[in-house]
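Nothing here was measured: the structure is a model prediction, and the numbers come from that model.
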Amino acid sequence: MNTEAPASEQKNAYLGTENVGRLLLKFSVPCVTSMLVSALYNIVDQIFIGQGVGYLGNAATTVVYPFTVIALALALLIGDGSAALLSLSLGRGERKTGSRCIGNGIVLTVAVSLVLTVLGFVFEDAILTLFGVTEGCYQYARDYMTIILFGIPFYVFTSSANGQIRADGAPKYAMISTAVGAVINLIGDPLAIFVFNQGVRGAAIATIAGQIISAIISALYFRRPCSFTLDQSSFRLNGHIVRQICQLGISSFIIQVAIVIIMTVANNSIGRYGPLSEYGADIPLSAIGIVMKVFAIAISFAVGIAVGGQPIVGFNYGARRHGRVRKTFKYIILSNIVVGLIATALFELCPQAIVSLFGNESALYNEYACMCFRIFLCAIIFTCLSKACSIFLQSIGRPVGSTILAVARDVVFFVPGVLLLSASAGVTGMLWAAPISDVLSILLAVLLIALEFRSMRRLEAAGR
């Protein structure tokens, strides 16, 4: 028998009564800002390194980038999983379960981040080789990664905690914790690179300084949360809760791991086929890295909107208010269509302006970089929509559908596309793998969402 407070008596009950549009705006704006700022960590390094070191420095950060994405993937596995479980638990009136899932999430985050850091130091050279380091950028990559590893525990903790804080109804706090760290990074980068002449090492030092401050601010939140209470029992790992967290967070994990797979396959394909083209290997390696990080900024809007809607969707689905769930999804999709159209216009009409932010390079470099933006990102609107659908399925406790959608675009469709097209058409042909994957994934997303909405209507007809 459930003896906990019903949803209507909880502090988060407004999620089931207030205007959906206003709620989504309230949660999504800070969430988008937070994710945008997080994405800017890497892009700021790329810009200042490009201006102060050159494209070999950017190629080095491209090689290290997949490892930081692995760290983010583990953070989101735990953070988004515990956030989704918290929202669903609050909607059902199970506050104690919500408290335990947050406590368990914190313990898992700390343990995982420390293990990852140790592995990074032990296998540093092997990791760089795996992610396609070239002879020209090896030393830059090693210098950058050695310092970045010290910040991994702080980066993982902040990235995980942000989801939990947003689900607790404090998206602005999550935004502030990330923004403060980004400002420190933004100030520290030019000082370290241009004033103290530290090159890629300076960029890495500025990055981890910001990560440490963000982690401290995030940790302070858990002293006085809104909808849950942490005590000693909250931090005792429970197999059932850990399993639920991992099930609900697996799609977020796969979305990030897929980026690692994409970068690994692309980088190694470039290393193999780049020397056979007029561009060589280092130019495509640097250009692809820039495109992927700009892509991450665009996707941060799409994912931020969907993740911002997660507490609303999860609470109302748990409370069986399916009409509000569908209405929230509608607003999420319309918002993502706008984001996708704006991004497409920018990447197709003015790629050179974006490329120039990362340094003034040769005409050959600019030619390939612009081609990357125009081809690789031409169907980004479908990427935005499929990512939003995957997060929506996660929010209503459908990890299988969410995972299928996350895996399909980036692994099932994209990886074979890169391998086949690079072998047949080199480093220019491989760029078409992305839009082809986007079209196929949106078709799958439409099917999965349609099936889920049909299931909701059946439950409504049955009075459940």
Side-chain angles (χ1 to χ4, degrees), residues 2-18 20 23-24 27 31 76-106 108 160-171 225-230 234 238-253 306-329 332 388-403 406 448-449 452-453 455-456 459-460 464:
N2 182 11
T3 59
E4 300 183 52
S8 60
E9 295 177 12
Q10 295 180 16
K11 294 180 180 179
N12 284 36
Y14 68 94
L15 293 172
T17 56
E18 285 192 15
V20 167
L23 280 174
L24 185 60
F27 278 86
C31 189
L76 296 184
L77 169 69
I78 301 165
D80 285 1
S82 52
L85 183 56
L86 174 64
S87 297
L88 289 166
S89 298
L90 294 176
R92 297 172 187 141
E94 300 169 356
R95 186 169 179 173
K96 185 176 180 180
T97 301
S99 299
R100 295 187 71 184
C101 80
I102 297 299
N104 277 227
I106 292 173
L108 289 172
S160 177
N162 273 352
Q164 298 165 342
I165 293 169
R166 284 192 295 267
D168 192 44
C226 174
S227 60
F228 59 87
T229 303
L230 296 176
S234 304
N238 177 282
H240 179 64
I241 289 177
V242 169
R243 186 164 56 252
Q244 284 184 292
I245 289 173
C246 292
Q247 287 174 343
L248 291 170
I250 192 65
S251 61
S252 293
F253 174 80
V307 171
Q310 188 178 66
I312 309 166
V313 171
F315 184 92
N316 283 286
Y317 192 84
R320 299 177 183 176
R321 295 166 181 160
H322 297 145
R324 287 178 65 81
V325 172
R326 289 193 295 271
K327 192 171 184 178
T328 305
F329 177 75
I332 289 171
C389 289
S390 179
I391 292 168
F392 173 78
L393 291 171
Q394 178 191 62
S395 302
I396 60 174
R398 295 292 183 270
V400 174
S402 179
T403 302
L448 291 174
I449 294 297
E452 194 55 50
F453 277 14
S455 175
M456 285 187 204
L459 289 174
E460 288 173 332
R464 295 162 59 189

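Taking each heavy atom of S395 and Q310 in turn, the nearest pair found is OG-CG, 3.1 Å. Nearest heavy-atom pair across D168 and L86 is N-CD2, 4.1 Å. Residues S402 and S390 come closest through the heavy atom pair OG-O, 2.7 Å. Considering all non-hydrogen atoms of both residues, R166 and P311 come closest at O-CG, 4.0 Å. When all heavy atoms of G105 and I245 are compared, the closest pair comes out as N-CD1, 4.2 Å. Scanning all heavy atoms of the two residues, the minimum distance from V325 to M456 falls at CG1-CE, 3.7 Å.
At distances below 3.5 Å, at least one donor-acceptor pair connects side-chain atoms of N238 with backbone N or O atoms of H240.
L88 places a side-chain heavy atom less than 4.5 Å from the side chain of L248. Side-chain contact between T229 and P225 is absent, with no heavy atoms from C-beta onward closer than 4.5 Å. By the 4.5 Å heavy-atom criterion applied to side chains, N316 and K327 are not counted as neighbours.
Atom CG in L230 sits 5.5 Å away from atom CD1 in I106 (nearest 0.5 Å). The structure places CD of E452 at 4.5 Å from CZ of R398, a figure rounded to the nearest 0.5 Å. Residue S99 holds its OG atom at 11.0 Å from CG of N104, rounded to the nearest 0.5 Å. Atom SG of C101 is separated from atom CD1 of I78 by 12.5 Å, given to the nearest 0.5 angstrom.
Under the 30°/60° scheme for interplanar angles, the aromatic rings of H322 and Y317 are found to be tilted. Taking the six-membered ring where the residue is Trp, F392 and F329 present tilted rings, their angle falling between 30° and 60°.
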